[in-house]
Number of protein chains: 2
Amino acid sequence: MPTIKEIAEMANVSRTTVSRALNNSGYVSEEARKRIMKVIEETGYVPSEQAKSLRMKRTKVIGVIVPTIKTETSGRLVSGMDDILSEEGYQILLASTNLDKQKEIEYIHLLKVRRVDGIIFTATNENEHLLELIQKLEIPFVVIGQEIEGVSNVLYDDFHAAKDVISLFIKKGHEKIGFIGVDETDRAVGYLRKRGYLDEMKENHLVVEDNWVQKGIFDIDSGYQAMRKMIKNSEEIPTAVFAVTDRLALGATNYLKESGYGIPSDMAIASIGASEFSKHLSPSLTTVDYNNEKAGQEAAKIILSTIRNEQEKIKKITLDYRLLIRDSV
Amino acid sequence: MPTIKEIAEMANVSRTTVSRALNNSGYVSEEARKRIMKVIEETGYVPSEQAKSLRMKRTKVIGVIVPTIKTETSGRLVSGMDDILSEEGYQILLASTNLDKQKEIEYIHLLKVRRVDGIIFTATNENEHLLELIQKLEIPFVVIGQEIEGVSNVLYDDFHAAKDVISLFIKKGHEKIGFIGVDETDRAVGYLRKRGYLDEMKENHLVVEDNWVQKGIFDIDSGYQAMRKMIKNSEEIPTAVFAVTDRLALGATNYLKESGYGIPSDMAIASIGASEFSKHLSPSLTTVDYNNEKAGQEAAKIILSTIRNEQEKIKKITLDYRLLIRDSV
DNA sequence: GGTTAATATGGAATCGATTCCATATGGCAT
DNA sequence: ATGCCATATGGAATCGATTCCATATTAACC
């Protein structure tokens, strides 16, 4: 690959003129332009974005940190970002932490080193060290899914979504409602969704037996185990259960089927996520659609307007959601 | 963010010495090193990878082009690549074509402009223009899923996987076997899987009625439509059907259930893909697991050894697969 | 005590672009 | 003829690192 210098020599002009021809800036005679374009055509020269970035102090790259790239949720998020970013000539530098908290910090560093123009961060957990790092970073920063002080956020309404699911159960006549959650250090999925469950129960004067509240991790099997524990240990077995993710609900469903429980006749079930498979389970799973692509798009828009300085201060938006009522309730 | 020059001034040394301290190259006195490290600590300085890349003529970035990032398959592929690449300090610059052929070419250009150290390409279609571009590109290049001359490939054994599925049907006593494919311009998914179906049928002296061979696109609904056509138009309705992707199989399953066909009693069904949902359908779907993460890992390994010049010539590897026999047959 | 080697440091070129500033030419108005 | 402006071009600085080469100091050896 030749450089601008070689192109200049071959076309018998200076680098300055080549640059001007390439960027349509300043004066270039028709003759010179033709000679330059001919040489470029012949050599297949493309200017180095690397060198340009150094000089212009911008990279046109947005760093994206996700907890894992294997799930649909992340895929849809990233796809939404790409819709907006690629439109504006930005590209995505991807970093997947595989749920490793240490790596979250490491990757922010890595993106800083690469001088990305902005960072979109899909958080799972919060810890002191990370918060501090984020707050003193001078790079445009957007967090999806968790509320973090001092930076822009795109939030899901975890609290109300959970409340709505419980409210649906109650409307259908359920009074004994179980819960399968995840660790509360995950503020959005762990804490807020549980809060929604507990609040709605309380507001309707419904009691919650200790064993109705179970905890899993993010995989299918832990949903199975949690459901098993709930059934085995409860004094009174619930008639409905809310799982905080579709995968947990799927695991729970597997246990229920295996144990001969009818869904929804013996146990209604609902969750949050709207994964593709949720629609095709039998019975089809009632779940909340968070519209991840939209979230990705919104995050990308915020990053772009922050970069362009159209945005004075930080921005927090909360997305709406849709409760998809299907056959499992 | 300060630059190396400012760090040098603050520590009362030259840029050369700072660089040496940072990279543990050449001689640096203990005193100077301490002063430098102190200044770096205080300022939070991190060297610009951008500037380093320009000087060192390498970016430590691998460009990855996928047809879409929304599906599990792509997610698993990229995840596999990331396993290997992040280990070696490389990062992934992601480009998703959204199945737009025009963009495949555009993105290769974009990655070339950014001087990525290598490109991993998950092809869907082949066209003259693209092949030509790839062959005269001077960047290490690996293609996943399609055989392309002149570059390294990581291939799935589409032909034998399809053959094995049909062979399974035949072993189970089926003689009338239908097929739901995609356009044959997609050589791997469209052409080779169909070839496997037809060859195995022929080798077993089984006839294939025209209407048994249907075509869809890559979504669930087209599987539904294809199954409908097959049932409506066939003189004799098949007792088994092979769909080239899990999504097509899912659509077909939906149609069959809706029309009162028992699976597998009236119609056996199997496909290729091993998506997560396949296991949780009822009945669970018989499918071929291609191990996409492995494919991603292998592609990443080839790219790295090509970059390091450990690899003289192009490399072609074909991955094995597992036939997951479940309740749908 | 002089040669050699190890240690320590800095100057300056380099990577490949952009861009400020200087300069040259030709045409047109005064 | 003089001045001015539009057009056209190039020199050189700059972005932020690495690295070759030169040079200075100290230590070690015979």
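All values below were derived from every heavy atom in this structure, side-chain atoms included, with hydrogens, water molecules and symmetry-related copies excluded. Lettering of chains follows the sequences in order, A, B, ..., and the numbering in each one begins at 1.
- Listed for the Glu42(B) side chain is no donor-acceptor partner under 3.5 Å among the backbone atoms of Val39(B).
- What separates CD of Glu31(B) from P of dT7(C) is a distance of 16 Å, to the nearest Å.
- With hydrogens and angles left out, the side-chain atoms of Tyr156(B) and Asn292(B) include a donor and acceptor closer than 3.5 Å.
- Between Leu54(A) atom CG and dC15(C) atom P there is a gap of 14 Å when expressed in whole angstrom units.
- Within residues 108-116 of chain B, no residue places a heavy atom under 4.0 Å from DNA chain D.
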| said: Apply side chain to side chain donor-acceptor pair (under 3.5 Å) to residues Tyr107(B) and Asp100(B) and explain how you reach the verdict. | reply: CA-CA 11 Å; Tyr107(B) 279 139; Asp100(B) 178 347; over 6 Å; no
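- Atom CD of Glu9(A) is separated from atom P of dG16(C) by 12 Å (rounded to the nearest Å).
- Using a 4.0 Å cutoff on non-hydrogen atoms, the parts of residues 13-25 of chain B near DNA chain D are Arg15(B), Thr16(B), Ser19(B), Asn23(B), ordered by number.
- Spacing between atom CD of Gln50(A) and atom C1' of dA17(D) amounts to 12 Å, rounded to whole angstrom units.
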| Derivation of the side chain to side chain contact (heavy atoms under 4.5 Å, CB included) call for Asp82(B) and Leu94(A) | CA-CA 9 Å; Asp82(B) 192 55; Leu94(A) 192 72; over 6 Å; no
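- A donor-acceptor contact closer than 3.5 angstrom links the side chains of Asp117(A) and Thr59(A).
- Distance from the side chain of Met56(B) is smallest to dT18(D) among dT18(D), dA17(C), dG16(D).
- When distances run from any side-chain atom of Ser48(B) to the nucleotides dT9(D), dT9(C), dA17(D), the shortest one goes to dA17(D).
- Taking side-chain N and O atoms only, Lys5(A) has no distance below 4.0 Å to OP1 or OP2 of dT14(C).
- Applying the side chain to side chain donor-acceptor pair (under 3.5 Å) criterion to Asn153(B), with sequence neighbours excluded, gives Lys316(B).
- Between the side chain of Gln50(A) and the main chain of Leu54(B), a donor-acceptor pair closer than 3.5 Å is present.
- Atom OH of Tyr45(A) is separated from atom C1' of dG16(C) by 7 Å (rounded to the nearest Å).
- Ion pair Glu49(B)/Arg58(B) flagged as a salt bridge, since at least one NZ, NE, NH1 or NH2 atom sits closer than 4.0 Å to an Asp/Glu carboxylate oxygen.
- Under 4.0 angstrom from either OP1 or OP2 of dT7(D) there lies at least one side-chain N or O belonging to Tyr27(A).
- For the pair Asn23(B) (side chain) and Ser25(B) (backbone), a donor-acceptor distance under 3.5 Å is absent.
- Remark: P of dA8(D) and CZ of Arg35(A) are 13 Å apart, rounded to the nearest angstrom.
- Between Asn12(B) and Lys57(B), the residue anchored nearer the 5' end of DNA chain C, judged by the nucleotide with its closest heavy atom, is Asn12(B).
- Atom P of nucleotide dA13(C) and atom CZ of Arg55(B) are separated by 13 Å, given to the nearest angstrom.
- Across the protein-nucleic acid pair, Arg58(B) atom CZ and dC15(C) atom P stand 16 Å apart, rounded to whole Å.
- In this structure, of dC15(D), dA8(D), dA17(C), it is dA17(C) that holds the atom nearest to the side chain of Ile4(A).
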